[in-house]
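Accompanying notes for the structure given below.
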Amino acid sequence: MTKTDLLGAVAATALAFAALPALAQDCERGTLDDRFCDTDGDLLADVPSDPADQIDPDTLIFAYTPVEDPAVYKTAWADFLDHLAEATGKEIVFFPVQNNAAQIEAMRSGRLHIAGFNTGSNPLAVNCAGFRPFTIMAAADGSFGYEMEIITNPETGIESVEDIKGGTLAFTSETSNSGFKAPSAILKADFGMQAGADFEPVFSGKHDNSILGVANGDYPAAAIANSVLGRMLERDVVNRDQIKTIYTSQTFPTTGYGTVNTLTPELQDAIHGAFFSFDWEGSSLEEEFSKNGEAQFIEMDYAGFWDVIRKIDSANDVSYACE
């Protein structure tokens, strides 16, 4: 597909989405945006009941959460996207997004159909963009998850979380669970420390930026996802002797993968099937994500898996109102 063809496909999809009803509906919806209904109480936007409000595009746009270099992940996802194309009969385009807000807006505006949203942005994508997550990556034994770590460079002399007081702590973005939401809640609840009062917060934009910043001495400390750190260590982007961990959280769910609610039920079923029928062995996906011990997709339900994340959001007074 040429760049012109891609732009045409994206524009056509956006126009199709714009034609859908945007007015508030008289239905149960919980915290979902007024454009959505949740009649079955699963906390997800229902698929539109009127077939005229469903879409079946010839080209499907896929995006992976923007945590590291998009070029690396375009290659990593290549084999899976070929499998997805075969399973759906559609052309699949990898869409490199630069930040969480842009990824959510792309789905909200109809320019993104299938995506992996990171842990922290999942609730926003669900409530504002009609995202319907149904799977996450897991190890061969079914275990999954990652931890938030607060890291520093051994040369800073920082030995504990309390040593950050009076200094600077790097976050990634306000939509990130491990890069902002979880550490903010934990620092306040467990250490009595708040940004602005006890330390200066800065935002790097991405986990790899924070990790590189600590390794190179740009940030004295940072809150990051250790899954990203593990991949960067595996690729020798940073060295273990440049990083010291001073706090490790409980385990959180990883990136959630799913579809926008407006796709036809038949197409959503085909996409679901593609995730669970994909053969990881020898694939580009295995080559990249085995660095974290991940070896398969497993089913998940948003209401259960993301309960702890919604509680963290509540503790941080996070609003799911769409802007």
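- By the 6.0 Å contact criterion, NZ on Lys188 is open, its count of non-hydrogen atoms from other residues, nucleotides or ligands being 12 or less.
- For the residue pair Asn316 / Ser184, no side-chain donor-acceptor distance below 3.5 Å is found, with atom types taken as modelled.
- How far CG of Leu124 is from CD of Glu105: 12.5 Å, rounded to the nearest 0.5 Å.
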Side chain to side chain contact (heavy atoms under 4.5 Å, CB included) between Leu267 and Leu60, worked out: CA-CA 10 Å; Leu267 182 52; Leu60 295 173; 4.0 Å; yes
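- Ser283 and His83 form no side-chain donor-acceptor contact under 3.5 Å, judged by distance and modelled atom types alone.
- Side-chain atoms of Ser121 and Asn118 include a donor-acceptor pair closer than 3.5 Å.
- Using a 4.5 Å heavy-atom threshold, the side chains of Pro96 and Lys74 count as separate.
- At a threshold of 4.5 Å between non-hydrogen side-chain atoms, the residues Phe117 and Ile104 count as touching.
- When hydrophobic clusters are built by joining Ile, Leu, Val, Met, Phe, Trp and Tyr residues whose side-chain heavy atoms come closer than 4.5 Å, directly or via intermediates, Val47 is not grouped with Val126.
- Between the side chains of Ser204 and Ser210, at least one donor-acceptor pair of N or O atoms lies under 3.5 Å.
- In the hydrophobic cluster analysis, where Ile, Leu, Val, Met, Phe, Trp and Tyr join through side-chain heavy atoms closer than 4.5 angstrom, Phe95 is grouped together with Leu84.
- For the 3.5 Å distance criterion, the side chains of Asn292 and Ser227 fail to qualify, holding no donor opposite an acceptor.
- Aromatic ring centroids of Phe94 and Tyr73 lie 6.0 Å or more apart.
- Here the straight-line distance linking atom CD1 of Ile114 with atom CD1 of Ile61 works out to 9.0 Å at 0.5 Å rounding.
- For the residue pair Thr119 / Asn177, no side-chain donor-acceptor distance below 3.5 Å is found, with atom types taken as modelled.
- Checked options Asn122, Thr175, Thr172; the residue passing with Asn100 is Thr175 (criterion: side-chain hydrogen bond (donor to acceptor under 3.5 Å, both in side chains)).
- Atom CD of Glu86 sits in a sparse spot, with 12 or fewer heavy atoms from other residues, nucleotides or ligands closer than 6.0 Å.
- A distance of 9.5 Å separates CE of Met148 from CD of Gln250, quoted to the nearest 0.5 Å.
- In summary, Lys206 and Asp208 do not engage in a salt bridge, as defined by a charged side-chain N under 4.0 Å from a carboxylate O.
- Residue-environment remark: CG (Asp58) stays at or below the threshold of 12 foreign heavy atoms within 6.0 Å.
- With no hydrogens or angles considered, a side-chain donor-acceptor pair links Thr251 and Glu147 at under 3.5 Å.
- Checked options Thr255, Asn226, Val228; the residue passing with Tyr146 is Asn226 (criterion: side-chain contact (heavy atoms from CB on, under 4.5 Å)).
- A ring pair (Phe, Tyr, Trp, His ring centres under 6.0 Å) with Phe297 is found for exactly one of Phe134, Trp280, Phe144, namely Trp280.
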Run the numbers on Tyr247 and Asp190 for side chain to side chain contact (heavy atoms under 4.5 Å, CB included), then give the verdict. CA-CA 12 Å; Tyr247 181 88; Asp190 295 348; 4.1 Å; yes
Could you give me the CA-CA distance, side-chain angles and deciding distance for Asp38 and Glu28, then say whether side chain to side chain contact (heavy atoms under 4.5 Å, CB included) is met? CA-CA 6 Å; Asp38 177 21; Glu28 293 295 326; 5.6 Å; no
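- Checked against a 6.0 Å centroid threshold, the rings of Phe289 and Tyr64 count as neighbours.
- Residues Asp56 and Lys90 are in side-chain contact: their nearest non-hydrogen atoms beyond the backbone lie under 4.5 Å apart.
- A salt bridge links Glu288 with Arg235: at least one charged nitrogen is closer than 4.0 Å to a carboxylate oxygen.
- In terms of modelled atom types and a separation under 3.5 Å, the side chain of Asn99 and the main chain of Ala102 share a donor-acceptor contact.
- No side-chain heavy atom of Leu285 sits under 4.5 Å from any side-chain heavy atom of Asp79.
- With rounding to the nearest 0.5 Å, the separation of CG in Leu43 from CG in Leu32 is 7.5 Å.
- Because its NZ or CZ atom is not both nearer than 6.0 Å to the ring centre of Tyr320 and within 45° of the ring axis, Arg310 does not count as a cation-pi partner of that residue.
- We find the CD1-CG distance between Ile151 and Leu169 to be 10.0 Å, quoted to the nearest 0.5 Å.
- The closest side-chain heavy-atom distance from Val238 to Leu233 is below 4.5 Å.
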